[in-house]
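Throughout, protein chains are lettered first and strands after them, A, B, ... in sequence-line order, and every chain is numbered starting at 1. Note that the structure is predicted; figures quoted are calculated from it, not measured.
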Amino acid sequence: MSDTKTEAHRKGVQGTVAPEVLRQIYVTAVRSRVLDERIWVLNRQGRAPFWISGMGHEVFQSAVGAAVDPSRDWVVPYYRDLAMTLAFGMSPKDHFLSALAKADDPNSGGRQMPAHFGSHAHNIVSTGSPVATQMLHATGVALAMKLRHTDALSVTSLGEGSTSGGDFHEALNFAATHKLPVLFLVENNGYAISVPLDKQMPTSHVSDRALAYGIPGVSVDGGDAVACYEAARTAVERARKGEGPTLIEGMVARLTSHSSDDDERRYRPADEIETVHQSDCLVRLERYLLLQGVLTEDDLKSIRDAAVKEIDVDMEAAEQAPLPEPETALRYVYAEEA
Amino acid sequence: MSDTKTEAHRKGVQGTVAPEVLRQIYVTAVRSRVLDERIWVLNRQGRAPFWISGMGHEVFQSAVGAAVDPSRDWVVPYYRDLAMTLAFGMSPKDHFLSALAKADDPNSGGRQMPAHFGSHAHNIVSTGSPVATQMLHATGVALAMKLRHTDALSVTSLGEGSTSGGDFHEALNFAATHKLPVLFLVENNGYAISVPLDKQMPTSHVSDRALAYGIPGVSVDGGDAVACYEAARTAVERARKGEGPTLIEGMVARLTSHSSDDDERRYRPADEIETVHQSDCLVRLERYLLLQGVLTEDDLKSIRDAAVKEIDVDMEAAEQAPLPEPETALRYVYAEEA
Amino acid sequence: MAVKTLVEAIREGMRQEMENDDRVFILGEDVGAKGGVFGATEGLHAQFGDDRVMDSPLAESCIVGVCIGAALYGLRPIAEIQFQDFILPAVDQIISEAAKMRYRSNNDWGVPLVIRAPFGGGVHGALYHSQSFEAMFCSVPGLKVVVPSNPYDAKGMLISALRDPDPVLFFEHKKGYRSLKGDVPDESYTVPISTANVVQEGRDLTIFTYGIMVSQCQEVAAAVQQERSVSIEIVDLRSLRPLDRDTIVASARKTGKVLIVQEANLAVSISSEVSAIISESCFEYLDAPVKRLGGPEIPAMPFSPPLEHFYLVTPEKIRTAIEELVAY
Amino acid sequence: MAVKTLVEAIREGMRQEMENDDRVFILGEDVGAKGGVFGATEGLHAQFGDDRVMDSPLAESCIVGVCIGAALYGLRPIAEIQFQDFILPAVDQIISEAAKMRYRSNNDWGVPLVIRAPFGGGVHGALYHSQSFEAMFCSVPGLKVVVPSNPYDAKGMLISALRDPDPVLFFEHKKGYRSLKGDVPDESYTVPISTANVVQEGRDLTIFTYGIMVSQCQEVAAAVQQERSVSIEIVDLRSLRPLDRDTIVASARKTGKVLIVQEANLAVSISSEVSAIISESCFEYLDAPVKRLGGPEIPAMPFSPPLEHFYLVTPEKIRTAIEELVAY
Ligand SMILES: Cc1ncc(C[n+]2csc(CCOP(=O)(O)OP(=O)(O)O)c2C)c(N)n1
Ligand SMILES: Cc1ncc(C[n+]2csc(CCOP(=O)(O)OP(=O)(O)O)c2C)c(N)n1
Ligand SMILES: [Mg+2]
Ligand SMILES: [Mg+2]
């Protein structure tokens, strides 16, 4: 088919990104990683019954997060978007409260599984478990933004496996038809739980699908912060100019099993599990920042130390927080009278 | 986007088609047209409460029908596929029985609306009203054909509006991933009831979507029998060789209101209603056949006369047939014991 | 005040609330220039334009999912589903998303969304243009489900629904669109959406019903009351989720005999729940078994007239049921 | 004969029927190398290969729709839906297509398809991995709905389902996969899929229930019977559509007191229909109101342990319900 065309699409876009933006991307990614690792520890200690990780996806999310404006833009994330939620202003404490199913969890009051994000205060729409439904919500948010004549945009994301569902198609079709300001992010890690890409879809890149809707589609290396950021900037500009949606596929790696309930050794080749860590996006970003002289080894260390300290404090606070009272289960089925 | 690519796709494929095939295509199209017109008459007389027409779609359907093998291939049609069902061996009588809601209607025993086709004896899968669901049935039929190591294929069709639903995407994705022997036909008449193409989708050709699934996609002029037939032949060969599905879009015209319940003058420009009849696919086919010397004026007349005669006889027979007994409404919810 | 049909009342309710609140907009198939396949949105596109009366692509999950997103951003969408039969592709968005949004976010988010859809049969609509799917939504906490039985309620309940902070399914009997007529005030007003309505008081027997069956039961009851001395109460359930338990229980206790009438098939339906509520709360007041009348257990209403007629709950069937109950 | 768990019995049923009938194949998410998220298909991919144990794309409408097509061509598909919560995108294919195929074609076509899905909670699955959606399918003519309560029934009913000419929804309680154990013959056998099962005879009170609640009710009943002289009958409904009306009516008439127990919320549910059937057919035999016990009217089971526990039907709640009914 259109190999040249899609190859062109796939190539990481080149450009220069300001050092403070790169620093911001790195800070978000590190905070996400440290937090993520800590929740895994809680899980292995039996204190957090479930976790599903964003490890390996952080640079892509942090770069896109840096390209949008969380004060007016909205995000409708999916469960791996820990870094994205930090970029939109949620705190590690918020996530610990959720992982520990505490009453004050801002995502859901301990009602949903961890990694089911949402915070009205931070323009993060509440998300459930069924995959791909959020594509349509982000499209509706963007429709409302357009109807209300704002210059805001909405961002939404999902895994490559989830693009097989009908809502993915229906959302792209609607958003493209009405030229809505949406960024559709696909975080392609090559697996949907155990199902590999070649049993999921007939081509190797979801960005090929953009052609079906007459919109730009790019695949970027999810370890290349510059490419991720530039692709997002281009899409953001396009959206704000009223030119419509963009499909951005981050080629990322899942550095863990699907979730704390899964054991990837049942289906993922041992050597792949081994090698996937060698291209860890965070390590690559660090190498790039050092090489470009954006940050020094000391900078990296102090950023990481700050993240660890923040996360220690937040975890402590979350652990002190109370569980919900049983009868509160009955509340908020419908709006309550004031 | 990929304009050159899709332009190439859109161009009618050239080739030579044997005269007997062209004749066959014409015979099917004429029988369909005469039958269709007759059922409209019954409708206007108040004898058939509902009709939805294939007028303007017949040449495309008849050409595809001539390119497949109804003795081993299966079709999962949609409501405009009157000509296709004739190509697969149904008779005008079958359709009169259905239009008049008679007990012996082979489609449904008078249970479904007319134009809801189905006949096990003719490899025509039963179809309901919800659009696009049949895409997945045809895909499943093709999967079974492949698992059973047959060299048969399945054909299915829908309108361009119906491609907006999730099942369209899910079916193409699955069929392409597993290289299944399916022909996905889109009969693009520019309207979904009243909704015009530009409110339905962001591009002007559904065939662009083939790129998303890495399969061939062609748009053919639905009045060009040769192009339609050649596109279908190519797709059939590909399917039989195990190379997978093809998306074929016939650019057709809806020569009537959506159905007997609709009045297109509410939403369709008057001049368009006027001009659409000037490019009637059947008239164009006749002109082509005469020009190429495939058939003479006399041939055309005798084919049409034969169709009228057949339809007179079949209508008469259907009118004599009994309505279903009321209590039979309770039968066949589940299989009955032998 | 003037006599209006059901569809006119619905249209007027939408128009007035759109005039009143610029966050209200309509998304659905053929709602624009065509004005909807039943004319419910006729004239609204001309009045409000492309941005507020939007023809959607042919994709119900898209219609509902996009409306959910717009509602989250602060708008007040009306999703029109062309036929209730075609709501099924949107069931995931309705049940997984709209119904659970407030609960799953612990009240951080809500979905003020009205989904309108014509349902019911008796119009030669056959298997896929005649169904009554309300039961499946009435088991879902987080949804409200409403079926107006007359133009007055339709307009008032629709305006209430549009002001409700939570998702409301608003089901309109398609045969009633033009056959149901009644006085409807010209100005905007509301009718509460979680209450049943005692449309006719009586002493000996209660009929619980909803939608187009209300007027049909009234006619039959009037005829029966003419012929013999029996006093029939008729309760229009009108809100199917939540059900107005207090009104149901009070009426059943008062009369001691209960008939539940619906067009849908009976298994696991509104009739089942109303019967179960009465069993729970009226045991010592009942003088006869709770009786149910509805469609047969077949997949849907067939096309052919003898088959369609066989399916329908007719005045004759209602009369027989009343008489059996009276005689018990 | 050996003691097997529920999930082992289901796996054995699939394996034996796949050995017996080469038309049987499985399509679902992660059913291949991983063996399913609950291990139901473990080892089957290794034994039968890619063509008969197929990992599907992440699209439930696709899974069911493709299986319908394959069934129409003559195969005998098993569609695995990873969690019953995620069956909603397939509801159109199930209700509009599979359920209506035979009826709409006047018996020309049928869909021999088994859709398996784990349901239910108590495993910290939270809002979307704990639901019990059976009610919505039990109102649909054309479908059969089955919930086994023990490994013996599970294997035998699954093999029956795979030989059934019509679509069967086979719902498996996920908490029961490993907790429910029992003797299961090693060879292939069938258990009919449209009958209820009186698992324990009694004189004073009947509990109607299904799924994992059956063993829970048995335990509580045993304890109560130890303490006081009351004789409790327990009926495992096991087939939820069609319901075995005769067995239900006979038992309710015999004992005169009825408790219906389910995990799902009560409104418009199996409990509603069983109660309504009893109202219709056992009026003169009842000694107390028909009592129902189930989940609260909230959208789904929350994650946090105190909230999840609040939702569940516990032994204490069952005991209280029994005692209230006995005391009536
Ligand atoms: C509609 C639906 N079906 C099934 C699931 C179960 N499930 C959760 S995540 C997942 C795989 C998702 O894979 P992908 O989209 O590639 O995202 P990734 O987890 O790899 O980031 C599945 C099958 C679900 N959540 N929703
Ligand atoms: C799921 C679903 N939604 C809505 C309808 C109502 N409906 C029937 S045909 C139609 C338009 C179809 O347009 P298109 O696919 O372009 O086919 P055409 O009629 O133009 O051949 C609509 C909206 C339906 N049948 N199914
Ligand atoms: Mg993935
Ligand atoms: Mg069309």
Determine, step by step, whether C:I298 and B:Y332 satisfy the side-chain contact (heavy atoms from CB on, under 4.5 Å) criterion, reporting the C-alpha distance in whole Å, the side-chain angles of both residues, the deciding distance to 0.1 Å, and the verdict.
CA-CA 9 Å; C:I298 64 179; B:Y332 307 129; over 6 Å; no
Kindly give the heavy-atom pair with the smallest separation between C:L307 and B:A329, and that separation in Å.
CD2-N, 3.7 Å
Using a cut-off of under 4.5 Å for heavy-atom pairs, which of C:E42, C:H124, C:E297 has the most such pairs with chain B?
C:E42
Can you measure from OH (C:Y311) to CG (B:L330) and round to the nearest 0.5 angstrom?
11.0 Å
With no hydrogens and no angle check, is any side-chain donor or acceptor of C:S304 less than 3.5 Å from a backbone partner on B:P324?
no
Hey, are B:K199 and C:D50 close enough for a salt bridge, meaning a charged N less than 4.0 Å from a carboxylate O?
yes
Might you point out which heavy atoms bring B:Y267 and C:A33 nearest each other, and give the distance in Å?
CB-CB, 4.0 Å
If I measure from the heavy atoms of chain B, does C:P296 come under 4.5 Å with its side chain, its backbone, both, or neither?
side chain
Pair B:M113-C:Y128, side-chain contact (heavy atoms from CB on, under 4.5 Å): steps then yes or no
CA-CA 9 Å; B:M113 284 181 148; C:Y128 295 99; over 6 Å; no
Check step by step if side-chain contact (heavy atoms from CB on, under 4.5 Å) holds for B:S129 and C:F86.
CA-CA 9 Å; B:S129 303; C:F86 306 134; 4.0 Å; yes
Is it true that a side-chain atom of B:Q200 and a backbone atom of C:L58 form a donor plus acceptor pair closer than 3.5 Å?
yes
Sort out for me which of C:P299, C:G32, C:P57 touches chain B most, counting heavy-atom pairs under 4.5 Å.
C:P57
So for B:D262, is it side chain, backbone, both, or neither that comes closer than 4.5 Å to the heavy atoms of chain C?
both
B:E336 atom CD, neighbour heavy-atom count above 12 within 6.0 Å:
yes
Show the nearest heavy-atom pair for residues B:S164 and C:A59, with the distance to one decimal.
O-CB, 3.5 Å
For chain B, find which of C:Q82, C:H129, C:E60 contributes the most heavy-atom pairs closer than 4.5 angstrom.
C:H129
What part of C:V31 gets closer than 4.5 Å to chain B, counting heavy atoms only: side chain, backbone, both or neither?
neither
Pairing residues for B:R47 by the salt bridge (Lys or Arg N to Asp or Glu O under 4.0 Å) criterion, not counting sequence neighbours
B:E319
Contact check, side chains of B:I193 and C:V37, non-hydrogen atoms, under 4.5 Å:
yes
Ignoring hydrogens and angles, tell me if any N or O in the side chain of C:D30 forms a donor-acceptor pair with the backbone of B:S194 under 3.5 Å.
yes
Taking B:D263 first and then C:K34, would you say they form a salt bridge - that is, a charged N and a carboxylate O separated by under 4.0 Å?
no
Does NZ in C:K4 sit with more than 12 non-hydrogen atoms of other residues, nucleotides or ligands closer than 6.0 Å?
yes
Using a 4.5 Å cut-off on heavy atoms from C-beta on, say whether the side chain of C:F303 contacts that of B:H116.
no
Euclidean distance, B:R111 CZ relative to C:L127 CG, rounded to 0.5 Å
8.0 Å
Need one label for B:E264: side chain, backbone, both or neither, based on atoms under 4.5 Å from any heavy atom in chain C.
neither
Counting only heavy atoms not in B:H277, do more than 12 fall under 6.0 Å of its NE2?
yes
